[in-house]
Amino acid sequence: MQKILASILTLICLLLTGCNTKPPANPGTDGAQSAPPSSELDLKDTIIDHGSGQFMEFPSRIVYDASGIRYYSKVDGKDYAYCFDPLCEHSDGYCLANFGNLEMWNWEFMCTFFINNRFYTTNDKGNIISCAFDGTDMKLEYDSGFEIGVDNPYTEWALNSTACGPYIYIELRADENGNPHVLRFNTETKEMEDLTEKTGNFMYPDFFYNGEIYGRDRNRLWVKADMDLVSLEPIEEVPRSDFHYGSRFFGYERDGGGNRCGVKIHDMKTGESTVIPNSVFGASEGVEIVYVDENYIYYFHKKWEIYGYVTDSKTGERKPRYRENDGKLYRANHDGTNIVCMYDDPGYEFSKITSLNGIAVIFDGKILINGCYKGEIDGVAEIWGQGLRAGTVREDGTIDKLEYVERLS
């Protein structure tokens, strides 16, 4: 009863501050439905690979990085700064909505993980920072004491940390002798271990599968190890990619010239790879995968084309401007069959928000995707309408329209 009354009072307070147009933070909704960290260690035939995507999905919102942490609310379909203090101006140095302004630490979204109802991030200054689901209660969990400078340029962490269960695995670029190490931080006990010092082994951790770490050794040859790095053994090359579902990676097959010639699907469970050639997708220059779910691969055709010209102010030369795709979005079954053109807008280009991977996320029969319009206005190449757009995916797989997501605060 006390929890119910507290929730009602919180809701009333938020309604009274309606001029700030912020929905309730509702941290309990996402936290309650999040699996405990140990469950990842028990998952079978499931690839665990965090930290490489544009979006982090939770039951009530989609969190993403756009030079500051923001989120799309599944409740009202609007876009907000990741801050739930109606009086915050996002400039005091401790607000995720403007993490570039943090006074003490860098907040790296690509190295951010959600563990046991808290966000954790590592950075190249040798810090681990955490905060509650609503961005409050920010803590310095670990400080290596690194002072990066001319005298010790190597004593820093690489920005390729990864996590599984309660553990965060971190690459120390080099010790005082120039040798790399694997560090492991336990978010439950707050203990930092140097696994390389303990075992004498080193690898660059890439992902986890069935309770083992997969990655490359110092020579960039593929190896796998137990979670404690005690047993390290060489394996055949794994065609790892940024998109995965269950036990399968979804990436690209390339020809001798490095060009994409098809979609390559590698199943960790069977060890087998399947290639679907570009011709199946009708894409001469290859495809760009934007999302993968239980049933489908979502993609567009890689198709560089001129959308307009600009005049060089110094030479007067007319120079072309290009876009990467033609505004058509497709989906197909995992085997390349049942291709559907979901959306077609010739003036639109699907694009990334940052350098991280993934352009879209599909949830509850809806799609959230980033892009912009490119074309000529009065004879000059222009870009407009940048930002997130949302649409409803109908039963036949098509999308009637993508509407601009209103951005608040």
Side-chain angles (χ1 to χ4, degrees), residues 36-44 46-52 105-106 108 110-116 118-130 139-149 151-238 240 268:
S38 60
S39 67
E40 280 194 339
L41 301 177
D42 301 327
L43 285 175
K44 300 297 182 184
T46 302
I47 296 164
I48 307 298
D49 187 6
H50 299 300
S52 62
W105 316 299
N106 293 336
E108 302 289 350
M110 66 183 295
C111 301
T112 297
F113 316 103
F114 192 65
I115 304 171
N116 200 20
R118 288 183 70 85
F119 287 108
Y120 289 82
T121 192
T122 68
N123 61 38
D124 57 3
K125 293 183 178 180
N127 299 321
I128 299 177
I129 313 139
S130 78
K139 296 179 181 178
L140 178 61
E141 298 280 355
Y142 183 83
D143 184 1
S144 65
F146 290 163
E147 294 182 4
I148 302 172
D151 295 332
N152 59 342
Y154 302 108
T155 52
E156 59 180 355
W157 295 351
L159 292 179
N160 62 351
S161 59
T162 187
C164 183
Y167 302 117
I168 301 175
Y169 289 78
I170 303 158
E171 177 201 337
L172 171 64
R173 291 182 186 276
D175 61 14
E176 61 274 9
N177 298 316
N179 298 312
H181 285 234
V182 176
L183 310 179
R184 182 175 70 181
F185 182 74
N186 188 324
T187 59
E188 295 176 343
T189 65
K190 312 303 180 184
E191 177 186 10
M192 177 66 81
E193 300 175 274
D194 188 329
L195 297 183
T196 299
E197 186 176 277
K198 283 186 173 183
T199 66
N201 292 322
F202 172 81
M203 66 185 297
Y204 300 95
D206 277 330
F207 67 94
F208 306 87
Y209 182 74
N210 283 352
E212 294 181 306
I213 314 170
Y214 286 74
R216 268 79 48 102
D217 62 14
R218 288 185 179 91
N219 298 316
R220 299 292 176 176
L221 299 176
W222 276 92
V223 292
K224 72 174 182 177
D226 61 280
M227 299 295 287
D228 298 320
L229 212 65
V230 173
S231 175
L232 189 72
E233 62 178 284
I235 59 173
E236 294 292 324
E237 180 179 354
V238 178
R240 179 206 181 203
M268 291 292 298

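Computed from a predicted structure; not experimentally measured. The figures that follow rest on heavy atoms only: side chains count, while hydrogens, waters and symmetry mates do not.
Put simply, the side chain of Arg216 reaches to within 4.5 Å of the side chain of Asp206, judged on heavy atoms. The closest side-chain heavy-atom distance from Thr187 to Asn116 is not below 4.5 Å. Counting only heavy atoms from C-beta outward, the side chains of Leu221 and Glu237 never approach each other to under 4.5 Å. Using a 4.5 Å heavy-atom cutoff, the side chains of Asn160 and Ile170 are not in contact. Between Arg240 and Met268 the shortest side-chain heavy-atom distance does not fall below 4.5 Å. Proximity of Glu212 to Met227: side-chain heavy atoms (C-beta onward) are nowhere separated by under 4.5 Å. Within the 4.5 Å cutoff, no side-chain heavy atoms of Phe185 are placed close to those of Ser161. Contact of the Ile129 side chain with the Tyr120 side chain is not registered, since no non-hydrogen atoms from C-beta on lie closer than 4.5 Å.
The two atoms that bring Gly165 and Ile115 nearest to each other are O-CG2, 3.7 Å, heavy atoms only. Minimum interatomic distance between His50 and Ala163 (heavy atoms only, all atoms of both residues): CD2-O, 3.2 Å. When all heavy atoms of Leu172 and Trp157 are compared, the closest pair comes out as CD1-CD1, 4.0 Å. Cys164 and Glu40 get closest at one heavy-atom pair: CA-OE1, 3.4 Å. Residues Pro205 and Val182 approach most closely at CG-CG1, 4.3 Å, considering heavy atoms.
Among residues two or more places apart in sequence or in another chain, the side-chain hydrogen bond (donor to acceptor under 3.5 Å, both in side chains) test is passed with Tyr142 by none. With sequence neighbours excluded, the residues satisfying side-chain contact (heavy atoms from CB on, under 4.5 Å) with Asn186 are Pro166, Tyr167, Glu188, Thr189. The side-chain hydrogen bond (donor to acceptor under 3.5 Å, both in side chains) test applied to Asn179 returns no partner, not counting sequence neighbours. With sequence neighbours excluded, the residues satisfying ring-ring contact (aromatic ring centres under 6.0 Å, His included) with Tyr169 are Phe208. Taking the side-chain hydrogen bond (donor to acceptor under 3.5 Å, both in side chains) definition, one finds that Glu108 meets it with nothing, sequence neighbours left out. With sequence neighbours excluded, no residue satisfies salt bridge (Lys or Arg N to Asp or Glu O under 4.0 Å) with Arg218. With sequence neighbours left out, the side-chain contact (heavy atoms from CB on, under 4.5 Å) criterion links Thr46 to Leu43, Ile48. With sequence neighbours excluded, the residues satisfying side-chain contact (heavy atoms from CB on, under 4.5 Å) with Lys44 are Asn210. Judged as a ring-ring contact (aromatic ring centres under 6.0 Å, His included), and not counting sequence neighbours, the contacts of Phe207 are Tyr214, Phe249. In this view, Phe202 and Tyr204 satisfy the ring-ring contact (aromatic ring centres under 6.0 Å, His included) rule, not counting sequence neighbours. Qualifying side-chain contact (heavy atoms from CB on, under 4.5 Å) partners for Asp194, counting only residues two or more places apart in sequence or in other chains: His181, Leu183, Thr196, Glu197. Taking the side-chain hydrogen bond (donor to acceptor under 3.5 Å, both in side chains) definition, one finds that Thr162 meets it with nothing, sequence neighbours left out.
In this structure a side-chain-to-backbone donor-acceptor pair under 3.5 Å is missing from Thr199 to Val230. In this structure, Ser231 contributes its side chain and Asp226 its backbone to no donor-acceptor pair below 3.5 Å.
Exactly one residue among Ile213, Leu229, Asn201 makes a side-chain contact (heavy atoms from CB on, under 4.5 Å) with Leu195. That residue is Leu229.
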### From CA spacing to verdict: side chain to side chain contact (heavy atoms under 4.5 Å, CB included), Arg184, Glu191
CA-CA 8 Å; Arg184 182 175 70 181; Glu191 177 186 10; over 6 Å; no
### Message
Go through it in stages, so that I can follow the logic: the residues are Asp124 and Arg173, the test is salt bridge (charged side-chain N to carboxylate O under 4.0 Å, His left out), and I'd like the CA-CA distance, side-chain angles, deciding distance and then a yes or no.
### Response
CA-CA 10 Å; Asp124 57 3; Arg173 291 182 186 276; over 6 Å; no
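Under 4.0 Å is where a charged nitrogen must lie from a carboxylate oxygen, and between Lys125 and Glu156 no such pair does.
With values rounded to the nearest 0.5 angstrom, Glu141 atom CD is found 3.5 Å from Ser130 atom OG. Here the CG-CD1 distance, from Asp49 to Ile47, works out to 8.0 Å after rounding to the nearest 0.5 Å.
Atom CD of Glu233 has more than 12 neighbouring heavy atoms from other residues, nucleotides or ligands inside a 6.0 Å radius.
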